[in-house]
Amino acid sequence: SPAASSPAAPAPMAASATASAAAAEPDQIDIAGVKLGMPPDEVRAVLKSKKLLRYDESTETLSYLDSTKGLMQPLAGGRFVNVIAAWTPPPTAAGNPYAVDGESFEVMFTPTPGKERVMGIVRSVGYSPANAVRETALESALIRKYGGFGGSGDLPQSPTWRLQGAGNMQTGDPCNRRRTLGGLGDLRVTNMARENLALKSTPEELKFQIDRCGVALVTEDHFTANGGALREDRLVTRYTVTAYSPSIALDGARTAAQLIHAAAGSAKRSEASHARGQTPPSL
């Protein structure tokens with residue numbers, strides 16, 4: 001089925017490596033099998049195993065400013081995988097768009113041609129009312145996987161987890177960065193031209209995020225079909241879990257900057273060499 005999750009065990013909370021004090025690498029964070037830091041081939045294998053109905057990839061090309069021509073030029077060999085997406089859209093005739101079966105993944109990569117790594121993941125799952133999961137089951141599964149919030153099983157409305165460089169997991173969003181990818185997502189992936197996060201932010205901004213927020217952020221948002229019911233009776237018909245690593249994005253931004261700088265310098269040297277080799281005009 002499009003959303004192959006049981007009410008007792010929502011799919012994104014399947015058994016996996018969880019954040020702990022033993023390690024502080026972003027790649028210990030995964031969303032339904034897609035991990036931060038994964039290369040494209042591994043992501044392709046995971047997504048295709050889910051047998052979603054739609055699959056697409058978007059590529060971009062690094063470019064540099066050719067100062068001699070005043071034009072942006074593409075780097076030779078500068079094409080990289082920007083986004084891989086897979087989704088099963090809900091029925092087009094559905095009534096309530098937040099109470100339909102469907103599933104989507106959007107996976108974003110670093111701008112490092114041939115060495116791309118996952119730096120962002122957005123996964124949304126939708127349920128028809130008959131397949132809805134209990135809010136308490138979803139929240140308990142989130143706490144089992146990511147920890148925090150006192151282990152009470154009672155999460156705030158839109159929780160955020162922040163993996164720190166020391167290996168501990170903190171909760172909440174005091175640095176206001178959940179907006180990077182957080183929010184209730186769609187079941188159709190339409191933004192394949194999404195601007196690359198590593199190229200969109202300056203290295204200084206990414207470093208700030210690492211220092212003030214963490215090496216990876218996880219967010220969750222959901223919609224309840226019967227929000228006025230008692231907590232134990234509330235049914236979730238859409239949820240979105242995201243993961244984002246500013247540290248992986250920073251590594252990608254630095255590598256891309258080195259490639260762009262090298263290409264621009266090579267163009268200048270080539271132009272200078274060409275100018276020296278020209279025969280002077282006869283006057």
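Note that the structure is predicted; figures quoted are calculated from it, not measured.
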CG (L217) and OG1 (T180) are apart, to the nearest 0.5 Å, by 7.0 Å
Residue pairs passing the salt bridge (charged side-chain N to carboxylate O under 4.0 Å, His left out) test with at least one member in residues 180-198, sequence neighbours excluded, are E106-R194
*Can R234 and E139 be counted as an ion pair, charged N to O under 4.0 angstrom?*
no
Backbone N or O of G78 within a donor-acceptor pair of the T61 side chain at under 3.5 Å?
no
- Message: Parallel, tilted or perpendicular: which one describes the rings of Y127 and Y239, with boundaries at 30° and 60°?
- Response: tilted
### Query
Would the number of heavy atoms belonging to other residues, nucleotides or ligands and lying under 6.0 Å from CD of Q157 be above 12?
no
Nearest heavy-atom contact between P26 and S247 is CG-OG, 3.4 Å
Shortest non-hydrogen pair, I29 vs A243, comes out as CG2-CB, 3.9 Å
For residues 172-185, the salt bridge (charged side-chain N to carboxylate O under 4.0 Å, His left out) pairs (sequence neighbours left out) are R177-E205, R178-D221
* Asked: Are side-chain heavy atoms of P40 and V107 found at a separation under 4.5 Å?
  -> no
Residues passing the ring pair (Phe, Tyr, Trp, His ring centres under 6.0 Å) test with W87, sequence neighbours excluded, are none
* Asked: When clusters are formed by joining ILVMFWY residues with side-chain heavy atoms under 4.5 Å apart, either directly or through shared neighbours, do F223 and V133 land in the same one?
  -> no
Contacts table for residues 113-120: side-chain donor-acceptor under 3.5 angstrom, sequence neighbours left out:
unit_1	atom_1	unit_2	atom_2	d
E116	OE1	G114	N	3.3
E116	OE2	V81	N	2.8

Quiz prompt | Test item: L181 and T219 side chains (from C-beta on) under 4.5 Å apart, heavy atoms | solution = no
Between the side chain of Q164 and the main-chain N/O of C213, is any donor-acceptor distance below 3.5 Å?
yes
Indicate if I210 and F208 have the same hydrophobic cluster label, given that clusters are the connected sets of ILVMFWY residues with side-chain heavy-atom separations under 4.5 angstrom.
no
The reported gap from CZ in R238 to OG1 in T224 (rounded to nearest 0.5 angstrom) is 13.0 Å
Sorted by chain and number, sequence neighbours left out, side-chain contact (heavy atoms from CB on, under 4.5 Å) with E60 holds for S58, F80, N82
To the nearest 0.5 Å, atom CG of L197 lies from atom OH of Y244 at 5.5 Å
Nearest heavy-atom contact between V125 and L187 is C-CD2, 4.0 Å
Kindly say whether M169 contributes a backbone atom to a donor-acceptor pair with the side chain of W161 at under 3.5 angstrom?
-> no
Exactly one candidate in K50, R123, R54 meets salt bridge (charged side-chain N to carboxylate O under 4.0 Å, His left out) with E103; the answer is R123
Sorted by chain and number, sequence neighbours left out, salt bridge (charged side-chain N to carboxylate O under 4.0 Å, His left out) with K200 holds for none
In this structure, CG of N168 is separated from CZ of R162 (nearest 0.5 Å) by 9.5 Å
Taking atom CZ as the centre, does R44 end up with more than 12 heavy-atom neighbours from other residues, nucleotides or ligands that are less than 6.0 angstrom away? yes
Minimum side-chain heavy-atom gap V43-F105 below 4.5 Å | no
Rounding to 0.5 Å, atoms CD1 (I121) and CG (D30) come to a distance of 7.5 Å
### Query
Are any non-hydrogen side-chain atoms of L199 and L62 less than 4.5 angstrom apart?
yes
Between S245 and V215, the two heavy atoms sitting closest are OG-O, 2.8 Å
| Close side-chain approach of L155 to L142, heavy-atom, < 4.5 Å | yes
* Asked: Heavy-atom distance under 4.5 Å between the side chains of I84 and L47, does that happen here?
  -> yes
Any sub-3.5 Å donor-acceptor pair from R134's side-chain atoms to E232's backbone N or O? yes
Looking at Y98, is its backbone amide N or carbonyl O close enough to the side chain of T237 to form a donor-acceptor pair, meaning the two atoms are under 3.5 Å apart? yes
Of all heavy-atom pairs linking T240 and G185, the shortest is OG1-N, 2.7 Å
*Side chains of I248 and L36 in contact at under 4.5 Å (non-hydrogen atoms)*: yes
- Task: Report yes or no: does T112 contribute a side-chain atom to a donor-acceptor pair with the main-chain N or O of G252 at less than 3.5 Å?
- Result: no
For a 4.5 angstrom cut-off between non-hydrogen side-chain atoms, does K145 reach V218? no
Looking only at heavy atoms, the pair that brings D233 and A229 closest together is CB-CB, 4.2 Å
- Would you sort out whether T255 and T110 count as a side-chain contact (heavy atoms from CB on, under 4.5 Å), showing the intermediate values? CA-CA 9 Å; T255 299; T110 55; over 6 Å; no
Could you tell me whether a side-chain N or O of N226 sits under 3.5 Å from a main-chain N or O of L235, the two making a donor and an acceptor?
-> yes
